[in-house]
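Input: a single structure, listed below in structure tokens.
Chain naming here is simple, since letters A, B, ... match the order of the sequence lines and numbering starts at 1 in each. Note that the structure is a prediction, hence the values are computed from the model and not measured.
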Protein chains: 2
Amino acid sequence: MADGRRVRGQRSREAILGSAVALASVDGLGGLSLGRLAEAAGVSKSGFFAHWRDKQELQLDAVEWAARQWVEHVIVPASAAPKGVRRVFALHEARLAFYRDGVLPGGCFFFVAQVEFDDKPGPVKDRVAQAMNDWLGYLEHTVREAVDRGELRADPAQLAYEIEALGEAAVTHSRLRDGPTAFAHARRAVLDRLRALSPTPELLPED
Amino acid sequence: MADGRRVRGQRSREAILGSAVALASVDGLGGLSLGRLAEAAGVSKSGFFAHWRDKQELQLDAVEWAARQWVEHVIVPASAAPKGVRRVFALHEARLAFYRDGVLPGGCFFFVAQVEFDDKPGPVKDRVAQAMNDWLGYLEHTVREAVDRGELRADPAQLAYEIEALGEAAVTHSRLRDGPTAFAHARRAVLDRLRALSPTPELLPED
DNA sequence: ACACAATATGACCGATCGGTCGTTTTTATT
DNA sequence: AATAAAAACGACCGATCGGTCATATTGTGT
């Protein structure tokens, strides 16, 4: 059933969500002002309420949109690397590239959303937590693939925590301190860790 | 010169700053509403402007206050450990205790402040960046003491980044996912790393 | 005793917030 | 062609925001 109205609506929807995620990566989902968002997306403020009942509905969809963007920019490119320790490191490098390339003006939507909602119970926190669980679960799964192939000796959950922590920290360190140094530290930390845990370090670059 | 007015003013000042740092650890320095802060501190809203010209001045002093709190709760206790690798790990454990004990309702003032201001240029960002530089500089200095004593073989700046990243991540992971697991991961990550880098791992606990 | 400075207050201001409402324009269905 | 629904808008609402101001109270130095 071709529904042109829906099609047109979806275009506005996508444009607004793109602006929303970009703005939220800077000011947070709460700092998202519907007025400024309207200006950024080139629509009128009241036009929102044809698509979302209130701000919270928009926030929930923004989380969804950001999750899809993360899959597209990080998980998909890293899937080019063969399963095992090389794909684990490819995930880390794809993440750092996401930050370094400035895909989002604020660096990382989920990093901001986590910090903002970690002590604000409600549907948005739940949705953010679920997105983080999905991502960390995938990271852990990728590590486990490497363990099963004999390319890593590690506790997948423990190593996933470490990779996540060392990657996330690059966001603030690159913006608040020296950018290149922060990314170099983030890359080296995971590379050294993986090489030390791997019986086959030759699969990874030396530096 | 005993000045009772100043003394009384200082008490209000301290009470307000304490509330401000606690509230900001949850909602951020921008989410700090002067109205709600007044209520939390038990004074009238306009009473602020006898102590601070505007909100920004309060934010700057809140950063200062939080920095002193960090020294008192993290750096001072860890100084009980002997210089070297044991003090490095003591710093990490003191930090995790700060988070676990819920000294601040939001977990970590500086973590929130970093994420909030890393792309908002101005005096507050500069002050936050300076506080983070001071802390990371101290962390690096402590690592270097261990290196100089032959208790660690590491690049101090690199290792300081890793310890900082692995510690900070415990804030969101403990609140958004499982608390005890997050702290266990954060502790084990640094412990394993230090033991691997140390010619004298017997100085550290085994687990 | 007196003048002055610090502390603190309540009333009030313009701006912006999230959100509502009535209306117009566009488009798919019948 | 008629109709119903979706999309989008401008005007407007009460609440809250950061901040000002005139004023009352209190403690300090001379």
Original post:
Would you call B:Glu140-B:Arg144 a salt bridge at under 4.0 Å N-O?
Top reply: yes
Subject >> For atom CZ of B:Arg11 and atom P of C:dA6, their distance in whole Å >> reply: 19 Å
**OP:** Just call it for B:Leu58: base, sugar-phosphate, or nothing, with non-hydrogen atoms closer than 4.0 Å on any strand.
**Re:** nothing
Subject >> Atom-pair distance (CD on B:Gln10; C1' on D:dG27), nearest Å >> reply: 16 Å
**OP:** Identify which nucleotide among D:dA7, D:dC17, D:dC9 has an atom closest to any side-chain atom of B:Arg36, counting heavy atoms from C-beta outward.
**Re:** D:dC17
Original post:
Separation of A:Leu37 atom CG from C:dC17 atom C1', in whole Å?
Top reply: 14 Å
Original post:
Can you tell me how far P of D:dA6 sits from CZ of A:Arg13, to the nearest Å?
Top reply: 14 Å
Original post:
Do B:Glu164 and B:Arg95 sit within salt-bridge range, that is, some charged N less than 4.0 Å from a carboxylate O?
Top reply: yes
Original post:
Can you tell me how far P of C:dT9 sits from CZ of B:Phe48, to the nearest Å?
Top reply: 10 Å
Original post:
Is the shortest heavy-atom distance from the side chain of B:Tyr99 to the side chain of B:Ser174 under 4.5 Å?
Top reply: no
Subject >> A:Phe49 CZ - D:dA11 P separation (whole Å) >> reply: 17 Å
Subject >> Atom-pair distance (CG on A:Leu34; C1' on C:dT20), nearest Å >> reply: 13 Å
Original post:
Can you check whether B:Ser33 has a side-chain N or O nearer than 4.0 Å to OP1 or OP2 of D:dC17?
Top reply: yes
Original post:
Picking from C:dG18, C:dC17, C:dA8, which would you name as closest to the side chain of A:Lys55?
Top reply: C:dG18
Original post:
Are A:Tyr161 and B:Thr181 side-chain neighbours, meaning at least one heavy-atom pair lies under 4.5 Å?
Top reply: no
Original post:
Between atom CH2 in B:Trp52 and atom C1' in C:dT7, what is the gap in whole Å?
Top reply: 12 Å
Subject >> Donor/acceptor link under 3.5 angstrom from B:Lys45 side chain onto base of D:dG18 >> reply: yes
Original post:
Does a side-chain N or O from A:Ser46 land closer than 4.0 Å to OP1 or OP2 of C:dG19, or not?
Top reply: no
**OP:** Return the nearest nucleotide to the side chain of A:Val43; candidates are C:dA8, D:dC9, C:dG19.
**Re:** D:dC9
Original post:
What about the rings of B:Trp65 and B:Phe109, do their centers lie closer together than 6.0 Å?
Top reply: no
**OP:** Compare side-chain N and O positions of A:His51 against OP1 and OP2 of D:dA8 and report whether any pair is under 4.0 Å apart.
**Re:** yes
